[in-house]
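Here is the naming used below: chain letters follow the sequence lines, and residue numbers restart at 1 for every chain. Both backbone and side-chain heavy atoms feed into the values below; hydrogens, waters and symmetry mates do not.
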Amino acid sequence: EAEVAQSPRYKITEKSQAVAFWCDPISGHATLYWYRQILGQGPELLVQFQDESVVDDSQLPKDRFSAERLKGVDSTLKIQPAELGDSAMYLCASSLVPGGYGYTFGSGTRLTVV
Amino acid sequence: AQSVTQLGSHVSVSEGALVLLRCNYSSSVPPYLFWYVQYPNQGLQLLLKYTSAATLVKGINGFEAEFKKSETSFHLTKPSAHMSDAAEYFCAVSGGTGTASKLTFGTGTRLQVTL
């Protein structure tokens with residue numbers, strides 16, 4: 001069964017350092033999402049891509065977060081500088097089309113900022 | 001805009017007992033509704049989805065949910081709980097396509113299954 005690949009699985013970084021997460025969606029999936037899940041809460045959308053274009057980044061803290069999906073395949077989410085409040089699970093998901101049919105999530109990257 | 005309310009952050013049932021996890025939604029457009037399960041330090045796995053077809057939706061692992069428009073509810077049930085069902089469950093809603101395809105999640109319900 002096809003999977004959404006994410007790396008690293010776990011990341012510990014110091015406050016004010018830069019950190020990056022990588023996501024490889026299911027082959028052929030044009031829509032890619034990054035969600036952030038704070039412990040004890042539901043995931044919240046950070047950014048949505050359609051191919052290489054950003055469709056929705058209204059909840060992305062643009063002063064410190066950036067996301068790119070060059071060539072419309074894999075994607076990188078970066079935080080610089082990291083803050084204590086960024087500690088969370090970062091989940092990537094992809095879908096074949098941007099439809100409301102549910103999509104496939106990766107296993108996530110657990111970030112701890114110390 | 002869409003929102004989801006999950007009633008009960010923790011639910012405990014005995015093995016073999018009925019599982020009922022409650023979800024109420026709010027949506028300005030016909031909603032698509034989903035239930036996901038999450039095990040510790042894992043991603044989200046889709047249990048089932050409602051996309052305007054049959055109101056009673058059957059999913060994996062014996063779970064099902066019924067869409068009730070009049071009650072704006074989409075409660076998740078399973079007739080007989082198994083120890084392996086212990087996990088966090090999230091109800092989510094989306095508005096359909098494009099930017100409306102983003103999922104808005106509830107705060108989750110942790111299901112505990114006891115012997």
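More than 12 heavy atoms of other residues, nucleotides or ligands lie within 6.0 Å of NZ in A:Lys62, so this atom counts as buried by the packing criterion. Under a cut-off of 6.0 angstrom, the local environment of CG in A:Leu39 is sparse, with at most 12 non-hydrogen atoms contributed by other residues, nucleotides or ligands. Applying the 6.0 Å contact sphere to CD of B:Glu15 captures more than 12 heavy atoms from other residues, nucleotides or ligands. The local environment of CZ in B:Arg22 is sparse, with at most 12 non-hydrogen atoms from other residues, nucleotides or ligands closer than 6.0 Å. Counting non-hydrogen atoms of other residues, nucleotides and ligands closer than 6.0 Å to CD1 of A:Ile12 gives a total of 12 or fewer. Heavy atoms of other residues, nucleotides or ligands lying less than 6.0 angstrom from CD of A:Glu3 number 12 at most.
For A:Arg9 (side chain) and B:Asn41 (main-chain N/O), a donor-acceptor pair under 3.5 Å exists by modelled atom type.
Cluster annotation: A:Leu45 and A:Leu77 are assigned to distinct hydrophobic clusters (Ile/Leu/Val/Met/Phe/Trp/Tyr, side-chain heavy-atom contacts under 4.5 Å, transitive).
Paired with A:Phe105 under the rule ring-ring contact (aromatic ring centres under 6.0 Å, His included), one option of B:Tyr36, B:Phe34, B:Phe90 passes, and it is B:Tyr36.
Taken from OH in A:Tyr103 to CG in B:Leu46, the straight-line distance is 11.0 Å, to the nearest 0.5 Å. With rounding to the nearest 0.5 Å, the separation of CD in A:Gln37 from CD in B:Glu88 is 7.5 Å. Between the OG1 atom of B:Thr104 and the CD atom of A:Glu44 there is a distance of 9.0 Å, given to the nearest 0.5 Å. Expressed to the nearest 0.5 Å, how far CZ of B:Phe105 lies from OH of A:Tyr35 amounts to 5.5 Å. Here the CD atom belonging to B:Gln38 is positioned 6.5 Å from the CG atom belonging to A:Leu91, to the nearest 0.5 angstrom. To the nearest 0.5 Å, atom NZ of residue B:Lys102 and atom OG of residue A:Ser58 are 5.0 Å apart.
Side-chain contact between A:Pro43 and B:Leu103 is absent, with no heavy-atom pair separated by less than 4.5 Å.
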